[in-house]
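The structure appears below as structure tokens.
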Protein chains: 2
Amino acid sequence: MLNEAVNLDSSPGAGGEPERRVRDRGATERAILAAAKGLLAEEGFQNFGINAVARRAGCDKQLIYRYYGGLDGLVEAIGADLGTWVRDRIPEDAGGMFLLTYGDLMERLALLLLDALRNDPLMRRILAWEVSENTEQVRRLSEARSKALALWLDRMRGSLAPPKGVDATAVNAVVIAAIQHLVLAGAAGGQCAGLSLKTSKDWEKAATALKRLVRGVYG
Amino acid sequence: MLNEAVNLDSSPGAGGEPERRVRDRGATERAILAAAKGLLAEEGFQNFGINAVARRAGCDKQLIYRYYGGLDGLVEAIGADLGTWVRDRIPEDAGGMFLLTYGDLMERLALLLLDALRNDPLMRRILAWEVSENTEQVRRLSEARSKALALWLDRMRGSLAPPKGVDATAVNAVVIAAIQHLVLAGAAGGQCAGLSLKTSKDWEKAATALKRLVRGVYG
DNA sequence: CCCCGCTGTCACCAATCGGTGAGTAGCGGG
DNA sequence: CCCGCTACTCACCGATTGGTGACAGCGGGG
């Protein structure tokens, strides 16, 4: 909770002095972006503002206006940064599933997405932000996130085609909705509709139920 | 959307005058509660505060402190009010489903819940609030909401038992999670995971997918 | 060498927030 | 009729918000 994480000028010089910041615009920009992401991930969008970001980044808010054009630009930068999410989340064994059925694939994807979201506080906060507000800021961020998600799904799916007679888009959307809400509810309140979501055993139950549902449709 | 609902002093007297408020504590209390619910439903929890509620109720915020003990008490009152939600949402034909299978029942329940939430902005906002914050305020409200939901489900279910070999609690929680997130995403951004959620045709697609998933598990 | 521009800091602005204490206005009972 | 209780309003508090203009200090190019 205490500041730290801001101390990017931990030069080995005599400690404790006023410690003038080095003049390095690139580093400052990165520090601001990191502060924004960290703040959003840890505190949520409620107290996400110019002052808070500047405080956490350890610089003056004026720099945020100068370098990012205000909070909007900063949010946009965060959105752009989400592109890396895909790169980081593609397991290396993605190619190892080329002879699975669509059902196998979707089950696997669902569980992977569940885990990925469970371990990504920033993504969770953005998700919560999306369903809570409908400002321009959020819309941009939302677009970036959903694009990243779509790209991820695309990469993972490979060239497997869904079975006929099923509106795969809709079914998958419902499954993804379930995953997202489970993760959000679990992170926020530790439960969802009477199902506890705290221990890993709880999550296994949820995962099993999720598998059953997916299998029930895709076989 | 405009204020109204607040206009409890629409006495037939000459309109436009300063229109002194009648001294009626009960009416004022009700006006405050209504203002709070309306504000929460229409604006969301972001700008939900003492000042905003007082402004909308057309009275001094001091009265909120006096009558409800501050925002916390007011939120609690909203929570208590959610008990009525159940009463209002029990269709009269609830008894007409006594010989359905569990699958029929859950399908019906899922669709009913979907519609109920789609038409209840207040419930939606509370839901969004729940997954966005974890303060004491929200926790109380969340508890009231989930209790209301549980009661509703209970009333609707009647005495039908779930099939064996299935973790009905978990499956149902996942289904409910899907419904809730679909509604939230639809209301906020008009889409979810590539599925548009604007027209009633869109919602039919989602409902169909939901039915498929439920049927896949419960037959 | 000096000066200009870029980086970073500080002081200040109006607006709003939650919260409180003091004071006003009207109704009802003696 | 008047007095007192109660519903209600107003004025003010400190803190924090987003936002801006002016200034300081270092460094590189003329």
Should the pair [X]-[Y] be classified as a salt bridge under the 4.0 Å nitrogen-to-oxygen rule?
| X | Y | result |
| --- | --- | --- |
| Arg56(A) | Glu43(A) | no |
| Arg89(B) | Asp120(B) | yes |
| Asp202(B) | Lys205(B) | no |

Rounded off to whole Å, could you give me the [atom1]-to-[atom2] distance for the [X] and [N] pair?
| X | N | atom1 | atom2 | result |
| --- | --- | --- | --- | --- |
| Asp24(A) | dC26(D) | CG | C1' | 14 Å |
| Ile64(B) | dT20(C) | CD1 | P | 14 Å |
| Lys61(B) | dC17(C) | NZ | C1' | 8 Å |
| Asn47(B) | dT16(D) | CG | P | 19 Å |
| Gln46(A) | dT16(D) | CD | C1' | 15 Å |
| Leu74(A) | dG19(D) | CG | C1' | 16 Å |
| Phe48(A) | dT17(D) | CZ | C1' | 15 Å |
| Arg25(B) | dG26(C) | CZ | C1' | 16 Å |

Is any side-chain heavy atom of Ser132(B) less than 4.5 Å from a side-chain heavy atom of Trp129(A)?
no

base_contact_polar (dG8(C) base, Arg66(A) side chain, donor-acceptor, <3.5 Å):
yes

Base, sugar-phosphate alone, or nothing: which one does Leu63(B) contact when heavy atoms must sit under 4.0 Å apart?
base

Is any side-chain N or O of [X] closer than 4.0 Å to OP1 or OP2 of [N]?
| X | N | value |
| --- | --- | --- |
| Arg55(A) | dT17(D) | yes |
| Thr28(A) | dG8(C) | yes |
| Tyr65(A) | dG19(D) | yes |
| Asn51(B) | dG18(C) | yes |

From the list Arg139(B), Arg145(B), Arg125(B), side-chain hydrogen bond (donor to acceptor under 3.5 Å, both in side chains) partner of Glu130(B) resolves to Arg145(B)

Looking only at heavy atoms, what is the nearest atom pair of Gly79(B) and Ala144(B), with distance?
O-CB, 3.6 Å

Identified side-chain contact (heavy atoms from CB on, under 4.5 Å) partner of Val183(A) from the options Asn119(A), Leu117(A), Leu197(A)
Leu117(A)

Distances for protein N/O vs nucleotides 27-29 of chain C N/O pairs under 3.5 angstrom?
none

Between Ile50(A) and Gln62(A), whichever has its closest DNA chain D nucleotide further toward 5' is Ile50(A)

